[in-house]
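The structure appears right after this line, and notes come after that.
We count residues from 1, following the sequence as given. What you see is a predicted model, and the numbers here were worked out from it, not measured in a lab.
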Amino acid sequence: MNLEEAINSFLDPFSTGFANLVFAEVTLGPISFPVVVAWLVLAAAGFTIYFGFIQFRGAKVAVDVVRGKFSKADDPGEVTHFQALASALSGTVGLGNIAGVGVAVTIGGPGATFWMIVAGLLGMCTKFVECTLGVKYRDIDEDGQVSGGPFKYLPIAFGERKHPALKVVSRVLTGVFAVSILIFGVAGAGMFQSNQTFQQLQSITGGAEDGLLSSTTAKLVVGLIFAGLVALVIIGGIRSIATVTSKLVPAMAIFYVVACLLVLIVNVDQIPGAFASIINGAFNPVGIAGGVVGVMIVGFQRSAFSNEAGIGSAAIAHSAVKTRRPVSEGFVALLEPFIDTVIICTMTALTIIIADTPSYSAAQEAYRTDQTEVGGVTLTSDAFATVLPWFPVLLAIAVALFAFSTILTWSYYGLKAWHHLFGKRRWTDILFRVLLCGFVVIGCLAALSSVVTMADAALFLCAFINIIGLVILLPVVRREMTAYLRDRKAGTLHELGAEDEAELAEIKREHGND
């Protein structure tokens, strides 16, 4: 047994067992569906109604805040609104949009795209809620470093200080959440990103059989180089990460969108037919993923993997923003799923569907035959190659940079989870970074199906716990939103009222830096 086989034989049973636990299904009549996916969808729809479709009403406010229109130089925090958005987007805009969409249209057909869009629109409101709370309950230490996100607001939601029994429940649930963030950071960020980066590099250098990078040694070398580059940046913390991603993410997103547009323009006459296949496939799927419900589940799963709405991860990055009004960052955050899923994922899906390459047909047939998840980044690469034969080389560069930025952001999320579980110490921080980089290397050697299965399970377990906390704290977010919109209209956004000062003092008194 070689190194690759040993890694896959270890990962397969673990990832399968973990996924079976998280995605336990319930049956209603003829329909079976995972409880956790239904919970995510229903919560997003409920948030949207509760806040009066704020993701659409608040779009202009969101753009104004990102532009810095309401910011002041002395606002507390570490990064600007734009940098916070770029850092969070770097954790979402990446291979989930390229490889993840390839997996979605392989398993669910074109119809999965429709449900990804729906999930993205609903997820905008979920991001609004969790990122508002991430900033509201954050802590800023003496060095100016920020700690926020679910590790701060979940204990408050679960009433940790109100009753001894609740304290135990709170710590268990928050602890499970932290472990899940670590697993997803390793599998979804480290392993998945490095896996798909290597797959694309392998594809443009001759393939997996006889190509330049077909050997186990080549995979190991590429993994070590990639891990080394990651290590150079993550040592600097969120400021270093934000500096890199605020320049890297916009440039790569524009590059990728232009590439998709090029394929679509060349095949402009086929766009109406592609949209028709997406709509028809959403409600009348050709038995790929188990009918309408099956395709819907695939769409929502891949959307969550891509934009992470409801997971709580983005609230960690957004909590570092410079602001005195928590909900201002909620408005910024609602832009993420729109950019990530509604725009970029849809363009990727259209590109694959319109190109209709032999590899896409083969991937669907393979899944129908033995339920093997194949496809990923190579489907998008092959689609681009139908217009520009040399473009897969440029895509390989884009994939590597997208993967790099995603790993950077998730290293920060994972470190916050690590601090929650093991405390903040220099040597444990070093240990975490070594482990993360180690799994980046392993990702180049592991099979895609095992990586995706484990990542999905960890991600949805995070969502299940996080959304419980969001539901409990909804009234807090609504008060913040109402006051912010009122003060914006009155021109008093930078004035903190006596009621707000008293509330902040009470939070500090009761919860301190726990």
Side-chain angles (χ1 to χ4, degrees), residues 33 37-38 40-49 51 53-59 62 89 92-128 253 256-257 260-261 263-264 270-286 288-289 291-311 314 333-355 360 375 379-380 383 456 459-460 463:
F33 53 87
V37 177
L40 197 69
V41 175
L42 291 174
F47 296 160
T48 297
I49 295 170
F51 289 101
F53 296 85
I54 191 62
Q55 62 263 58
F56 306 115
R57 295 191 297 116
L89 276 172
T92 59
V93 176
L95 289 182
N97 307 86
I98 304 173
V101 174
V103 172
V105 295
T106 294
I107 300 174
T113 308
F114 176 86
W115 297 112
M116 287 183 69
I117 295 171
V118 172
L121 292 172
L122 293 176
M124 291 171 69
C125 195
T126 305
K127 276 283 179 81
F128 170 80
Y256 183 73
V257 168
C260 289
L261 283 173
V263 175
L264 298 179
Q270 298 182 48
I271 293 178
F275 272 112
S277 67
I278 288 171
I279 300 299
N280 291 335
F283 299 99
N284 300 289
V286 178
I288 296 175
V292 173
V293 174
V295 173
M296 186 186 302
I297 290 170
V298 170
F300 280 117
Q301 281 183 314
R302 300 271 59 80
S303 175
F305 186 90
S306 179
N307 63 48
E308 298 166 18
I311 310 307
L334 65 78
L335 294 173
E336 282 179 48
F338 184 79
I339 296 170
D340 176 275
T341 305
V342 178
I343 295 178
I344 299 180
C345 285
T346 301
M347 295 184 75
T348 302
L350 284 171
T351 300
I352 294 172
I353 294 165
I354 287 174
Y360 177 39
L379 294 186
T380 310
D456 273 353
L459 180 143
F460 277 89

Side-chain donor or acceptor of Ser277 paired with backbone N/O of Ala274 under 3.5 Å
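Yes; at least one donor-acceptor contact below 3.5 Å.
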
Test item: Asn280 side-chain N/O and Ala276 main-chain N/O as donor-acceptor pair under 3.5 Å:
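Flag set: sc Asn280 to bb Ala276 pair under 3.5 Å.
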
Which residues pass the side-chain contact (heavy atoms from CB on, under 4.5 Å) test with [X], sequence neighbours left out?
X	answer
Ile271	Leu264, Val268, Phe275, Ile354
Ala112	Ala104, Val295, Val298
Thr48	Phe53, Gln55, Leu122, Cys125

If you round to the nearest 0.5 Å, how far is [atom2] of [Y] from [atom1] of [X]?
X	Y	atom1	atom2	result
Ile279	Phe114	CD1	CZ	5.0 Å
Ile353	Ile278	CD1	CD1	4.0 Å
Thr351	Leu261	OG1	CG	8.0 Å
Asp340	Met124	CG	CE	11.5 Å

Taking only residues two or more places apart in sequence, or in another chain, which ones meet Phe47 in a ring pair (Phe, Tyr, Trp, His ring centres under 6.0 Å)?
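Ring pair (Phe, Tyr, Trp, His ring centres under 6.0 Å) list for Phe47, sorted by chain: empty.
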
Taking ring pair (Phe, Tyr, Trp, His ring centres under 6.0 Å) as the definition, give me every residue that meets it alongside Tyr360, ordered by chain and number, with sequence neighbours left out.
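None.
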
Could I get the full list of side chain to side chain donor-acceptor pair (under 3.5 Å) partners for [X], not counting sequence neighbours?
X	answer
Thr348	Tyr256
Thr346	none
Thr113	none

What I'd like to find out is whether the side chain of Pro337 reaches to under 4.5 Å of the side chain of Val342, using heavy atoms alone.
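Side-chain contact under 4.5 Å: no.
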
Minimum-distance pair of heavy atoms, taken over all atoms of [X] and [Y]:
X	Y	answer
Gly102	Ile352	CA-CD1, 3.9 Å
Ala44	Gly123	CB-N, 4.5 Å
Glu336	Ala314	OE1-CB, 4.0 Å
Ala463	Ile311	CB-CD1, 3.6 Å

Residues Ile117, Thr341; criterion side-chain contact (heavy atoms from CB on, under 4.5 Å); working and verdict:
CA-CA 6 Å; Ile117 295 171; Thr341 305; 5.8 Å; no

